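As the structure is a computational prediction, the values presented were derived from the model and not from experiment.
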Amino acid sequence: MAKKQHTSGSFATAVRGVVQHIPRGRVMSYAAVAAAAHFPGAARAVGTLMRQNFNPTVPCHRVIRADGRLGQYNRGTEQKRQRLEREGVQIKNGRVLGTV
DNA sequence: TAGCTGACGCAAA
DNA sequence: ATTTGCGCCAGCT
């Protein structure tokens, strides 16, 4: 019976699922992802995971800061901004709009 | 086992 | 409006 992978705890799994479910043209803050993953307050941990995460199945570039800023990115904030804009996310003066 | 770091968040100045 | 400091959580050494 396929044992569970000990790749981190359920935390990583939950976060990955949430980020994976982020529709195109939409962005979620680290805190929002953490809360959606049932880990409220673990915004930092989310970032820590994203940094370690190298899964192309997880559009980590769609995860931004709660302030509306892009935040950091493995490939550089510039690439992140370009990718988000290409996805349909409007960015004004470095701030992401559409943050309902 | 314990401690440090870090793609964050929020409050205060 | 902008900048500085502290706090919180999980992961890694």
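Residues passing the side-chain contact (heavy atoms from CB on, under 4.5 Å) test with A:N74, sequence neighbours excluded: A:F54.
Between the P atom of C:dA1 and the CZ atom of A:R95 lies a distance of 9 Å, rounded to the nearest Å. Atom-to-atom, CZ of A:R62 to P of B:dA7 comes out at 22 Å; the value is rounded to the nearest Å. Rounded to whole Å, the distance from CE on A:M28 to C1' on B:dA7 is 16 Å. For A:F39 and C:dA10, the CZ to P distance is 6 Å, given to the nearest whole Å. Rounding to whole angstrom units, CD of residue A:Q52 and P of C:dA10 are separated by 15 Å. Between the P atom of C:dG11 and the CZ atom of A:R51 lies a distance of 15 Å, rounded to the nearest Å. In this structure, A:Q72 atom CD and B:dT5 atom C1' are separated by 15 Å, rounded to whole Å. Residue A:D67 contributes atom CG, which lies 12 Å from atom P of C:dT3 at whole-angstrom precision.
Between atom OH of residue A:Y30 and atom CZ of residue A:R65 there is a gap of 8.5 Å, rounded to the nearest 0.5 Å. Here A:F11 contributes atom CZ and A:R16 contributes atom CZ; the two are 11.0 Å apart, rounded to the nearest 0.5 Å. Between A:R62 atom CZ and A:L84 atom CG the span is 8.5 Å, to the nearest 0.5 Å. The CG atom of A:L70 lies 10.5 Å from the CD atom of A:E78; values are rounded to the nearest 0.5 Å.
Within a heavy-atom distance below 4.0 Å of DNA chain C, no residue of residues 83-94 of chain A is found. Within residues 73-81 of chain A, the residues having any heavy atom closer than 4.0 Å to DNA chain B are, in order of number, A:Y73, A:N74.
Using a 4.0 Å cut-off between charged nitrogen and carboxylate oxygen, A:D67 and A:R69 do not count as a salt-bridge pair. By the 4.0 Å N-to-carboxylate-O rule, A:E85 lies close enough to A:R81 to be salt-bridged with it.
At least one donor-acceptor pair closer than 3.5 Å links the side chain of A:R24 to the backbone N or O of A:E87.
Among the atoms of the strands shown, base atoms are found under 4.0 Å from some heavy atom of A:A45.
Contact annotation: A:R65 reaches the phosphate of B:dG9 (side-chain N/O to OP1 or OP2, under 4.0 Å).
Taking only distance into account, the side chain of A:T48 never meets the base of C:dG11 through a donor-acceptor pair shorter than 3.5 Å.
Within a 6.0 Å radius of CZ in A:R95, more than 12 heavy atoms belonging to other residues, nucleotides or ligands are found.
Distances from the side chain of A:L49 to the nucleotides C:dC9, C:dG11, B:dC10 place C:dG11 closest.
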